[in-house]
Amino acid sequence: MTESPALAIKDLRVTFGDTVRAVDGVSVEVRPGEIVAVVGESGSGKSVTSMSTLGLLPPTAEVSGVIQVGGVDVTALDGAGLRAIRGAEVAMVFQEPMTALNPAFTVGWQVAEALRLHFADMSKKRAYERAAELLEMVGIQDAKRRLGQFPHELSGGLRQRVMIAMAIACEPKVLIADEATTALDVTVQAEILDLLRDLRAELGMAILVITHNMGVVADIADRVVVMYQGKVVEQATVEDLFARPQAEYTRRLLTSVPRLERGAHRARARTALREPGQAAAGTPALALSDLVVEFRGERGSKVRAVDEVSLTIGAGEVVGLVGESGSGKSTVGRTAIGLIKPASGSVRLLGESLTGAKGRDLRRLRRRCSIVFQDPASSLDPRMTVGDCIAEPLIINKIGDRDDRVAALLKSVRLDPSVRARYPHELSGGQRQRIGIARAIALDPELVIADEPTSALDVSVQATVLDLFLELQDRLGFACLFITHDLAVVGLVADRVAVMNSGRLVEEGPREEVLFDPREDYTRRLVASAPVPDPAAQRERRAQRLSL
Amino acid sequence: AGCSSGGSGTAPGDPANGGTPQQGGSVTFAMPPNATPNWIFPIATPGHTQAYNGTIRQQVFLPLYVYDGTDTSKPDVKAGAAELPKYSEDGKSVTITMKDDLTWANGEKVTARDVEFWFNLIKANKEKWATYNEGQFPDNIAKFTLVDDKTFTMDLTQAYNPDWFTANQLTRMSPMPQKAWDIQEAGGQVGDYDRTPEGAKKVFDYLIGEAGKLSEYATNPLWKVADGPFTIKEFTTTGQVTLAKNPKYTGEDAAHLDTVTLKPFTSAQAELNVLRSGGVDYGYLPALALSQQKTIESMGYKVEPWDGWAITYIPYNFNNPEMGPVFKQLYIRQAVQMSVDQDTIARVIWHDQATPGYGPVPQVPPGSYLGEKQKTNPYLFDLDKAKALLTSHGWEIQNGVATCTRPGGGDDQCGEGVEQGTQLKFQLLTESGSTETDNTMQELQSSLSKIGIALSIKSEPLNSVLDHSPVCKPEEAACSWQLSFFGTQGSWYYPAYPSGEDIFAGDAGTNLGSYSDPKADELVKASTSSTSPTAMQDYSSYLAENLPVIWMPNPAYQVSAIKKTLGGVVQDPMAGMTPQRWYLVK
Amino acid sequence: MTRFLAKRIGQALVVVALVTVIVFLLLHTVPGGPARGILGPQATAAAIAAFNHEHGFDRSLPEQYWMYVSGLLHGDLGASYTLNQSVSSLIEQRIPKTLVLTGLSTLVALLVAIPLGVWQGRRRKGLTDYFITTLVFIGYATPVFFLALILVIVFAEKIPILPVQAPQAETLAGLFADSRGLVLPILAGAIASVAVFSRYMRSAVLDNLAEDYVRTARAKGASERRVVWLHIMRNSLTPIVAMLGYQLPVLFSGALVIESVFNYPGMGLLFWNAAQTSDYPILLGAVLVIAVATVIGSLIADILQAFIDPRVRGAIK
Amino acid sequence: MVRLFFANRLAVTGLVLLALLLLFCFVGPLVHPTDQIHTQLADANLAPGVKGHPLGTDDVGRDVLGRLMVGGQTSLEIGIAAGLLATLIGTVWGAVAGYTGGWLDAIMMRVVDAGIAIPALFLLLVSATIFRPTVTTQILIIGCVSWLVPARLVRAEALSLRSRDFVQAMMAMGGSHRRAVFRHIIPNAIGTVVVNATFQVADAILLVAYVSFLGLGVAPPATDWGAMLSNGISYTYDGYWWLIFPAGIAIILVVSAFNCIGDGLRDSFEVRLQGR
Ligand SMILES: Nc1ncnc2c1ncn2[C@@H]1O[C@H](COP(=O)(O)OP(=O)(O)OP(=O)(O)O)[C@@H](O)[C@H]1O
Ligand SMILES: Nc1ncnc2c1ncn2[C@@H]1O[C@H](COP(=O)(O)OP(=O)(O)OP(=O)(O)O)[C@@H](O)[C@H]1O
Ligand SMILES: [Mg+2]
Ligand SMILES: [Mg+2]
């Protein structure tokens, strides 16, 4: 380990205004060919640290400290110098892929741009070909067609992979992946992790992975940096960390990691109410039958995103929806609440037909439901303060006493009530996500559609949020469609599990059955791909999976 | 004031010009905005009476008589097609002889038959003739007789004042080449079709149809048969007209110049810009640009006002249900007239390019028609006297507005029909778009307010003003207008003989305010039908005193800028032109 | 797309029909009719009655409208009351002139305004931003006729490098042959539009600067220039395109002042004079042309907008 | 947001400027009383300073400074009211059309097309013959002919905003369309709206001048800045600068004041760009 580090951050401090100390004396080193994972509490300054390496923080940020890339101090560089480094030396995958792509250009163009910016002599055609290869490398099927699509036509996972493709396009020396696999299903995630390992092996790339998924950490990292409240509280090799956590926060973190194993399901006071047989008796909270959703593709062709999906969620029941990225999970969620009109099939929401509902009736119906969007950044109005965002459902339903309620909601998702005066762009990804959750539970809904509600949360916060969620569910008995990629979380909260693949519902059944005794091949692959938060065990699993 | 020198023409060889007249050359003349010429046929149909149509037409097809407004007492024989008319003793018939030397371009002589051709077409189609007035030409011709090739006689239905008849009726006549134009359809044979009413109608329709093809004016063989000093060389759809010297002209008034281009402008501003760059030889200054006189002069131009043979006035609507009775009181009209400070308005607002007017006859050039009373303003500007007139007739000023406190017909009372409590609040409709007019109206408003008359002003485009101030009966809704001004360009342009049968006679079509006064009617009638030489002067004096309207300063027709090298220009107050007499000097 | 076009053309026809009806009705609410205006103050009552009869003003309104429409369907726009030409030939002569003038001045305005707006958006709150903003507003607040006058005084009189008149030729080729004459009119027309376009551009650039995708582009190593001129620009064109669609009709009537100052008889002036002289056939014809221009403009704007913003594309397919 | 607005130096400058202008026009005549009713032809076109006229006299002899105040009252009243009216109608119309989409959008936008297709000039001419001009009718007429542009602009923005997740999120919460339009679409289109509003005020003030020229203006002896300016411009060649500049500068000042306020407003909505 005498090699000079590819990326070295020394005593980095970042403050926003006088009050927010986002990063407080962080030092991290990544050597060529090394994969370092950064874990830590949501809002602990991981993203800010990573962005500061490329000088991408907003001007409101005050930065001090030293950042060296290949021995060169980045903070001393001027515009041109920085540009030469960006993309070519250090590339970055941003946390929220939804807003990070330019809505006006096709994804092909955007990937090709990354190439052409640094390979001046590359022809346009060649760049597109390479872009297609890159998309295939990150596991996007049908890459040629995807090249011509616009970001809003892609699912969250697809966008995230586009971002990854863009980042690795120029084969940078340092790759910073900020929550780069949150929107990916476990099979794709495993592929991406394999890809990263390959890149490290072939190119000696130094990789800094920011993640909350301890499984991912166990799977890929050589070394782990743990951050807490803007400080590095622990650095250790991955084995050491899992085996002998030193810091108090690390220990808390590790104990909160959900594991995919039998019986991990949280016991709930009123489980009796929700024995499968009984659920059918009451009016189902959500009943989808033969749902088909189509999007217009190029030249009027139609793309089936959801293909004859039938799914029933009984009152008070939690159904986990898992499946491949781009398989139509989010689309099902959106259609369920009437944001997308199905091409055929019917949606019954809380016993009423949604297809026919209009105006006031529709609004009344919707008020009894709520939805957490997959991408927290784009689902918050950029011009409203966090407080206003959370208060919005209260205002819509003319509920008084908002101030207290907003404060209480913030507290319940472990956010300081002082953030209410901030704007969404002033929060970290996980903080934004929690705003979305707080907003969704503000009204004590009867049905919650939660699209990856905890993907950006560190496991300790995730645990709190899930506890809260389950506690609320106990108390209010709402039904829930829980869309996620994290099978362990599904195992924790869901009564039943549904699995989707390419728009179809391939398997559906009680939790234990689907997760531990899957009928379908696809499900089996899925379960096998789920990383376990234990380096040794994970290595074994990986070998197993690869031989599969 | 430069207004007294109207028609300051310069005769050929005028030493003042310095330099010798030349033959040939071309001259560009700037037409005012919106004056787009669009007609050359000697009979104008409605919508085709723009001033420059007449000017162009009379260079190509000579009218019987042409007046030059610098002397309105007799026609400018040289510019017309006939010798002076001879009236019978009783004034009931007139005999006219055509000039001997005139020929059409096709070699035919210009004959009395050509006049008959014109007359027959008019007679059969008078309804379509833009200048037709019931009772006047051709209704007042009892019989048209050809005497010989060159001479004809017209019997009139009654005795007319010869001056009036020549100036206001005979000027409309214009011989037309019967041997070339007496055709009923395209490609048809020439015949004597005009002599039957049906035939005349057909011929007329055919010719009018041809006249509607503006783009062919320079090429249509019909229009080549001209007898004037010029022919049409170019006539564009945007209104640019180039006249070229007619080589076949046989008269004594041949053109000096090779071509004269009449150039249209989209606005006075555009014209001024071009003028300042020397792009026109004969242009004009917008009134507000008068301060540039020196600059323009230094660029080789003479700046001369071109007075108009016109009067400018504001009619009272005597039939207005509210204010009609008030307007009918002469003392009120006197008070109003005494509040119009014409001298100052002309000097300050019009920059000396308007002439105060005191009666129905154009004040300049002063001729034999001006009555003694009109010559010397009978109602000098005097606010005190004006106010006294009101107070002495039972008006009291309350809150700044005169209110009638003593109704009744007595000498010290408000007058017949004026009710107790009537307030002197007048509404004035005025033409928009001119700073001078706006300012004049504000000045009027201001001085009237000083004698207790509240004037409220509403300005509208000229057409709306005319639409909104029709001749009307008191009970009609359209009679709500009280005062109306449409004289930015002069309210009324007269033919050579400035009689008032169209505007101040009780039954006249354009007597907008329904002014009615038996004595005035009598005087108007006398001016057209009696042969007395003082008829016009009597009429002029009476109306100057009786105030059928508010007399206002009359703006000049235009303020011309003429290249110093251009001679022979006469600024005809009747807005006519004689470009055949223009010439360039070395 | 074809369906969209078909639908929009159908709607366009309705709009055009609607506009003619409205204008027709409005014209007939004007008391007195056009006769007095056409025939002048000296016209007699008989002449006015004859005029009204000849042009059908003594008939009922629906009848008159029907007469007009049936003429239209035969491609006949009628004949001017005052200009002794058919309306269609007048429009034919004037439209190219106006299109040249307004098209070029819009183009010039765009070429100046878009870079200016983008540049200002980036250098927000700098001294130059304030300075340019002030200039732009002075340009906007100066009435066109004054601006034109100043241009003439400066560039044609004080420093006589340009002609005072627009080209007087009747043909397009002739117009371009005298292209120096086009400079001042185009300039006069462009300045106010520069103000408008650049302000919208600046504002939109500000909106987009805050978006996350800008950060992505920077992270790729794109130069600031590229980020602004490519990434942000494309996303900022929405208001400009919306303005442009609307600009087309406005240009037709808005060129009036420039046409009148530079002695360049185009559509604006034709319309204005017709309005002043109550030349109804020209008015109706011109309104028809403007209505057609409007619907075309609005259609083009919508299509363009879908082109630059894929998210709206769904709305037009 | 209010705090942000007042923290913005530019915005405060704009507000102060506007306040000063209002003070000048509405309180000024008390300090500098002049006769704006009567003409004084003997004193026409006096240069500034002569005979106690600080800014000279106009072409019929009225004190220009006093006239500036009186004219400003009309201009400010009409400009502000008509500009705001047009912005208001246009913004709401456009936002509703763009947000709703479908046939309602088609109908609403075709109405706008039809409105734009009828030249404002023509409408003004016709209304000149129907209405008597008062400040109120002017506000209404100008407001009614100028809302079409903002409608188109805002609609274009709304069209892409409506598909954003935060709007969808609100809909999913059972929020009304009204809330979507007023709380999300319009605030996010605020940049365009504000820029347009500044132009609307300027336009209205200039349009009043145009309108007076057409004969629809307020009846004399009342006046407005636009009319003063267009009148004064005829004297360009005479060098009577005091007939041109005061009114011209006044117009530019209002326009700039509104622009500053607009930028300030815009900034307080554009929370993401602070520090830039
Ligand atoms: N507006 C759109 N236009 C065209 N295609 C779309 C659109 N929205 C989604 N799709 C396509 O529909 C499919 C399903 O998308 P969806 O967002 O439901 O996937 P998902 O299961 O939520 O995936 P992920 O886990 O990656 O979020 C994808 O192939 C996507 O490209
Ligand atoms: N523009 C900003 N203005 C003010 N505060 C900010 C801004 N950006 C980030 N912060 C704050 O800085 C802190 C660190 O944010 P950062 O995005 O680095 O968190 P993170 O560790 O990436 O969290 P997560 O796991 O939730 O993404 C957070 O408290 C956040 O609220
Ligand atoms: Mg983060
Ligand atoms: Mg999804």
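Convention: sequence-line order gives letters A, B, ...; per-chain numbering from 1. Scope of the values below: all heavy atoms of this structure, side chains included, with no hydrogens, waters or symmetry mates.
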Review point. Parallel, tilted or perpendicular for B/Tyr282 and B/Trp306, by the 30°/60° rule?
Key: tilted
Study note, to complete from the structure: Rounded to the nearest 0.5 Å, the CD atom of B/Gln342 sits from the CE atom of B/Met552 at a distance of 6.5 Å
Review point. With a cut-off of 6.0 Å (strictly less than), are more than 12 heavy atoms of other residues, nucleotides or ligands near CD of B/Gln489?
Key: no
Exercise for review: Give me the ring orientation class for B/Phe327 and B/Tyr316: parallel if the planes are under 30° apart, tilted from 30 to 60°, perpendicular past 60°.
Suggested key: tilted
Check your understanding: For chain B, which residues from residues 65-93 of chain D have at least one heavy atom closer than 4.5 Å to it?
Key -> D/Arg67
Review point. Taking atom types as modelled and ignoring hydrogens, do the side chains of D/Thr39 and B/Glu443 form a donor-acceptor contact shorter than 3.5 angstrom?
Key: yes
Point to revise | Pair B/Asp384 + B/Lys387: basic N to acidic O under 4.0 Å | key: no
Practice item. Just give me the residue among B/Ile345, B/Val348, B/Thr430 that pairs up with chain D most often, heavy atom to heavy atom, under 4.5 Å. Key: B/Val348
